[in-house]
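The structure appears below as structure tokens.
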Protein chains: 2
Amino acid sequence: MERTVRYSKKREAILATIQGTSCHPSAEWVYQQLRPLHPDLSLGTVYRNLTFFRERGLVQSVGVVQGQERFDAITTPHSHFVCNCCGTVLDLPDICPEGGLERTVSTQYGFAVERCELTFYGLCPNCTDQQNLKEETLS
Amino acid sequence: MERTVRYSKKREAILATIQGTSCHPSAEWVYQQLRPLHPDLSLGTVYRNLTFFRERGLVQSVGVVQGQERFDAITTPHSHFVCNCCGTVLDLPDICPEGGLERTVSTQYGFAVERCELTFYGLCPNCTDQQNLKEETLS
DNA sequence: CTCCTTAACAATACTTATTCTTGTTATGCC
DNA sequence: GGCATAACAAGAATAAGTATTGTTAAGGAG
């Protein structure tokens with residue numbers, strides 16, 4: 001009794017939306033994007049399909065940012081930067097020799113490392129500027 | 001295991017064609033009528049469906065005229081005139097008390113008459129004129 | 001023989017039944 | 001309180017079954 005996967009326009013639209021953006025969206029963001037074209041879309045369907053895609057490796061989780069899980073359609077290993085102020089998530093390609101780190105952990109501790117997630121948190125340049133402005137006006 | 005009847009555009013078109021004319025057409029005539037709109041229609045399909053309609057009482061046969069069977073979508077009892085020259089078939093409504101004839105046969109001979117076909121053969125006015133013209137020019 | 005009609009059979013198309021997907025609502029959880 | 005999952009009926013896509021068609025060949029009447 002193998003479960004067969006069926007085509008649906010909404011599933012396709014959800015996947016296309018996350019694949020067509022680089023903003024590492026949340027379920028809610030995908031939902032709001034699709035509502036104009038799919039007025040009868042349900043938020044539950046977005047959640048279900050994101051889980052569905054993750055299980056099949058079409059999408060990966062970037063983690064929870066400000067209470068919302070964020071997703072990424074690029075599933076090759078790469079690092080992320082998360083701004084704690086505005087919630088922006090950015091890719092950090094080639095920022096760090098991840099393979100090298102994995103190898104280090106593997107050889108030094110004898111662990112079999114399957115995957116390595118490397119995420120930096122902090123303030124993006126934009127939010128840093130605004131923070132400085134606020135401090136200047138206060139002083 | 002009852003045979004279910006299915007819808008098909010061609011069957012519908014064939015029925016509409018015969019119902020939309022008063023010329024008592026042959027299979028070939030119906031076929032030629034439909035070819036522009038249904039280029040992939042097959043003559044076999046026309047024959048099959050005419051038989052199909054006759055079996056269900058949607059159509060009745062007027063008999064064979066000049067080698068071709070002719071059909072009629074009017075299934076209430078009425079008489080016909082067939083021109084042996086041009087092949088035209090015409091309805092003759094109320095020309096003759098058919099019910100009366102049936103009753104006569106039924107009562108005089110004890111037959112159970114189910115149906116009565118009354119068809120006249122001869123020359124239509126048009127062909128009669130042309131026949132006369134030809135004779136005049138010859139004499 | 002020729003032409004009209006039917007038969008045979010594979011390919012196509014319609015319908016039904018199955019069950020996957022969705023919307024809605026309620027529930028869990030941090 | 002807000003994000004995420006669970007439950008279940010309603011809706012929709014697929015698969016299986018079989019009716020319909022196209023094609024070709026064969027039958028039959030004139």
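Every heavy atom of this structure was used, including side-chain atoms; hydrogens, water molecules and symmetry mates were not.
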Rounded to the nearest angstrom, tell me the gap between atom [atom1] in [X] and atom [atom2] in [N].
{"X": "Q68(A)", "N": "dG2(D)", "atom1": "CD", "atom2": "P", "result": "12 Å"}
{"X": "H38(A)", "N": "dG11(D)", "atom1": "NE2", "atom2": "P", "result": "19 Å"}
{"X": "K9(A)", "N": "dA12(D)", "atom1": "NZ", "atom2": "P", "result": "12 Å"}
{"X": "L43(B)", "N": "dA26(D)", "atom1": "CG", "atom2": "P", "result": "18 Å"}
{"X": "D40(B)", "N": "dT20(D)", "atom1": "CG", "atom2": "C1'", "result": "13 Å"}
{"X": "R70(A)", "N": "dC3(D)", "atom1": "CZ", "atom2": "C1'", "result": "14 Å"}
{"X": "E69(B)", "N": "dA29(D)", "atom1": "CD", "atom2": "P", "result": "14 Å"}
{"X": "Q66(B)", "N": "dC4(C)", "atom1": "CD", "atom2": "C1'", "result": "14 Å"}

Does a side-chain N or O from [X] land closer than 4.0 Å to OP1 or OP2 of [N], or not?
{"X": "T4(A)", "N": "dT14(D)", "value": "no"}
{"X": "S8(B)", "N": "dT21(D)", "value": "yes"}
{"X": "K10(A)", "N": "dG23(C)", "value": "yes"}
{"X": "R6(A)", "N": "dA12(D)", "value": "no"}
{"X": "T45(A)", "N": "dT21(C)", "value": "no"}
{"X": "Y47(A)", "N": "dA4(D)", "value": "yes"}

5'-most by nearest nucleotide on DNA chain D - R54(A) or V46(B): R54(A)
Side chain of [X]: nearest nucleotide among [options]?
{"X": "R11(B)", "options": "dT20(D), dT23(D), dT22(C)", "answer": "dT20(D)"}
{"X": "R48(A)", "options": "dT5(C), dC8(D), dT5(D)", "answer": "dC8(D)"}
{"X": "L41(A)", "options": "dT5(D), dG23(C), dT5(C)", "answer": "dG23(C)"}
{"X": "Y7(A)", "options": "dT14(D), dT5(C), dT21(D)", "answer": "dT14(D)"}

Sugar-phosphate, base or nothing in reach of E28(A), heavy atoms under 4.0 Å: nothing
Sugar-phosphate, base or nothing in reach of V64(A), heavy atoms under 4.0 Å: nothing
Testing the 3.5 Å rule here: is there a donor-acceptor pair between the side chains of [X] and [Y]?
{"X": "Q60(B)", "Y": "T75(B)", "result": "no"}
{"X": "T45(B)", "Y": "R48(B)", "result": "yes"}
{"X": "T17(A)", "Y": "Q33(A)", "result": "no"}

Quiz item: cation-pi between R54(B) and F71(B), 6.0 Å / 45°: no
Side chain to side chain, F53(B) and R11(B), heavy atoms closer than 4.5 Å: yes
Parallel, tilted or perpendicular: ring planes of H78(A) versus H24(A), cut at 30 and 60 degrees: tilted
